[in-house]
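Presented below is the structure to which this report refers.
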Amino acid sequence: GFNGDVTLTATATGGVTVNSVAPVSGGNGSVTFTLGTSASAVAGNASVTITGTSGGLTNTLQVSVQLTSPFTLSSSAAQPLQLFIGGNASLPITVTGAQGFSADVTLVASPGAGVTTNTVTPVGGGNGLRTFTLGTTADAVAGTISVTITGTSGGFSTTLQISVQL
């Protein structure tokens with residue numbers, strides 16, 4: 001049977017990083033590659049290609065990787081959030097980082113017609129709370145609108161839809 005040493009190399013796309021591993025001796029064995037992300041990583045599909053070589057023999061394995069946002073957005077506000085025409089309402093947004101995420105997250109609110117909002121400072125360290133203050137414009141009309149909160153960090157972004165009753 002085959003008993004040659006196998007050298008394994010990995011190449012990745014989409015901002016995925018992968019470590020080097022020691023060769024597999026005697027033709028049999030297992031290794032573990034550790035995947036990470038670089039500053040250029042963006043949400044979406046990426047791939048890792050593992051190539052094994054021994055002498056003149058080569059074999060490859062393609063692995064698909066799905067990169068998702070390393071943080072989530074949530075709100076403790078009741079929905080629909082009540083906003084009286086001519087008044088204000090507070091909209092708290094919580095950023096929760098996953099798996100050791102600690103980068104700053106910028107939050108932007110995109111209100112629907114007739115609604116105004118302020119800007120907030122970025123959430124530092126990947127976790128925290130910011131509160132938007134919603135108001136109304138002179139041409140606001142009673143009804144239900146949506147406010148989109150977008151959180152961005154590096155190439156990753158995620159959104160949260162908030163229903164607002166005017």
Side-chain angles (χ1 to χ4, degrees), residues 9-21 32-51 60-166:
T9 58
T11 56
T13 65
V16 172
T17 60
V18 62
N19 68 315
S20 299
V21 295
T32 301
F33 286 96
T34 302
L35 304 181
T37 56
S38 67
S40 64
V42 295
N45 294 319
S47 66
V48 176
T49 302
I50 309 293
T51 303
T60 60
L61 170 68
Q62 184 87 21
V63 179
S64 295
V65 179
Q66 177 68 41
L67 298 177
T68 59
S69 180
F71 61 92
T72 58
L73 304 178
S74 61
S75 180
S76 59
Q79 289 196 46
L81 179 65
Q82 297 296 313
L83 175 59
F84 295 101
I85 295 176
N88 293 314
S90 293
L91 177 56
I93 301 295
T94 300
V95 176
T96 305
Q99 300 175 1
F101 175 75
S102 61
D104 291 352
V105 177
T106 301
L107 296 174
V108 175
S110 302
V115 175
T116 62
T117 187
N118 62 318
T119 58
V120 297
T121 59
V123 173
N127 291 282
L129 172 71
R130 294 293 181 267
T131 300
F132 288 95
T133 300
L134 304 182
T136 59
T137 62
D139 60 348
V141 177
T144 302
I145 60 106
S146 183
V147 174
T148 301
I149 307 297
T150 303
T152 305
S153 182
F156 292 96
S157 67
T158 191
T159 60
L160 176 66
Q161 297 290 324
I162 303 292
S163 178
V164 178
Q165 179 68 48
L166 298 178

Counting only N and O atoms by type, is there a donor-acceptor contact under 3.5 Å from the side chain of Ser38 to the main-chain atoms of Gly15?
yes
Mind checking what makes ring pair (Phe, Tyr, Trp, His ring centres under 6.0 Å) contact with Phe132, not counting sequence neighbours?
none
Run the side-chain donor-acceptor check on residues 76-100: report pairs under 3.5 Å with partners two or more places apart or on a different chain.
from: Gln79; atom 1: OE1; to: Ser163; atom 2: N; distance (Å): 3.0

Could you check whether any side-chain heavy atom of Val115 comes within less than 4.5 Å of a side-chain heavy atom of Thr137, counting everything from C-beta outward?
no
Decide yes or no for Leu35 and Val48: does some side-chain heavy atom of the first lie under 4.5 Å from some side-chain heavy atom of the second?
yes
What's the shortest heavy-atom distance between Val18 and Ala10, and which atoms?
CG1-CB, 3.5 Å
Over all atoms of both residues, closest heavy-atom pair of Ile162 and Ser75
CD1-CB, 3.9 Å
Contacts of Asn45 meeting side chain to side chain donor-acceptor pair (under 3.5 Å) (sequence neighbours excluded), chain-then-number -> none
Spacing of Asn127 atom CG and Phe101 atom CZ [to the nearest 0.5 Å]:
8.5 Å
Sequence neighbours excluded, which residues qualify as side-chain contact (heavy atoms from CB on, under 4.5 Å) partners of Val21?
Leu8, Asn19, Val31, Phe33
Quiz: residues 116-123 side-chain donor-acceptor pairs under 3.5 angstrom, not counting sequence neighbours:
from: Asn118; atom 1: OD1; to: Thr133; atom 2: N; distance (Å): 2.7
from: Thr121; atom 1: OG1; to: Arg130; atom 2: NE; distance (Å): 3.1

Can I get a per-line list of side-chain donor-acceptor pairs under 3.5 Å for residues 144-159, giving both atom names and the distance, sequence neighbours left out?
from: Thr144; atom 1: OG1; to: Gln165; atom 2: OE1; distance (Å): 2.6
from: Ser146; atom 1: OG; to: Gln161; atom 2: OE1; distance (Å): 2.7
from: Thr148; atom 1: OG1; to: Gln161; atom 2: OE1; distance (Å): 3.1
from: Thr148; atom 1: OG1; to: Gln161; atom 2: NE2; distance (Å): 2.9
from: Ser153; atom 1: OG; to: Asp104; atom 2: O; distance (Å): 2.8

